[in-house]
Amino acid sequence: MDLSIIIPLFNEAESLPPLYDWIKRVMDENKFSYEIIFINDGSTDDSWKVINDLKSKDDCVKAIRFRRNYGKSPALFCGFEKAQGDVVITMDADLQDSPDEIPELFRMIKEDGYDLVSGWKKKRYDNTFTKNIPSKIYNATARKVTGIKLHDMNCGLKAYRLDVVKHIEVYGEMHRYIPYLAKNAGFSKIGEKVVVHRKREFGKSKFGLERFVNGYLDLFSLYFLNKFGKQPMHFFGLWGSIMFLIGFIAIITVGAIKIYHLCNHMPAPLVTDTPYFYIAITMMILGTQMFLSGFVGELVSRSNVERNKYQIAEEL
């Protein structure tokens, strides 16, 4: 099979029929063998009924229905598990992603040898202040942290080699960082393609301020887990040692000040009158806590059943 097209959706009943017709036309024109996998993420409208109607007239339509709304990452995870095509395409169901981009994305994977190609909505039709500007800030931060030079990390329109989606785990709200997950799994040939961004015809955007904030938290969680997930003591132990050393130097300073005044027969200040005392106490407590966190992290890591699970590209 050439293509698996995965479409997560939430309350998009109006857009599904025209989206299906558009995809089918592109598939037929290019003579692709394909499957369309709709992931109904707990919709409360007629989305599931519409999908059933599409399924009744086309065996290429497949679908999964969640009992409640879980989010885009769980939807993609389930879609990736079911995908069988050589190339996997993900796109949104709101008609803002154009199926006409699929043939070129397919070619870039099959002929140019990319593992993953991410769309870049260079010209956007979203609200400038609530979505466009936050998106630019977010993408600039993501490029800096991940080292992946993509202009639009979170674009829903992406193409993947099948091997990629079978070796990454998308959970929580980590769908924003699939290119970073792929890179960490050893798939380093990641490209970008400028794609058309269309105005929303039906429904309303699911983007909110909380997703912008959560995006940053998820980014730094991923960075930490990738760098120190299997060796947490390398992080906590280093900073715990630094803090403990600062505290130790501060307590030595307090003692030296006390001895200096006694040796010179001068009235010695109270230990609690010097800021070094409080620096010493704070830093030594923090340093000890960091060390203990590192030990606990190591114990958790060593008891993890996937501690020695590694990505193996090939076996003979």
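Remember, it's a predicted structure, so these values are computed and weren't measured experimentally.
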**OP:** Could you check Asp2 against Lys31 for salt bridge (Lys or Arg N to Asp or Glu O under 4.0 Å), going step by step and ending with a plain yes or no?
**Re:** CA-CA 10 Å; Asp2 295 324; Lys31 295 181 173 56; over 6 Å; no
Basic-acidic side-chain contact under 4.0 Å: [X], [Y]:
X: Asp115; Y: Lys189; answer: no
X: Lys121; Y: Asp97; answer: yes
X: Lys193; Y: Glu104; answer: no
X: Arg25; Y: Asp100; answer: yes

Has [X] got a side-chain atom pairing as donor or acceptor with [Y]'s backbone, closer than 3.5 angstrom?
X: Ser118; Y: Glu192; value: no
X: Glu35; Y: Gln84; value: yes
X: Ser15; Y: Glu12; value: yes

**OP:** Quick one: list whatever passes side chain to side chain contact (heavy atoms under 4.5 Å, CB included) with Met27, sequence neighbours left out.
**Re:** Leu3, Ile5, Ile23, Phe32, Tyr34, Ile102
Does any part of the side chain of [Y], heavy atoms only, come nearer than 4.5 Å to the side chain of [X], both counted from C-beta?
X: His175; Y: Asn154; value: yes
X: Asp58; Y: Leu54; value: no
X: Tyr160; Y: Phe80; value: yes
X: Ile89; Y: Leu157; value: yes

**OP:** Tell me, please, which residues at least two apart from Ser293 pass side-chain hydrogen bond (donor to acceptor under 3.5 Å, both in side chains).
**Re:** none
Original post:
Which ILVMFWY residues can you reach from Phe77 by hopping between side chains whose heavy atoms are under 4.5 Å apart?
Top reply: none
**OP:** Answer with yes or no whether the hydrophobic clustering places Ile36 together with Trp48; edges join I, L, V, M, F, W, Y residues whose side-chain heavy atoms lie under 4.5 Å apart.
**Re:** yes
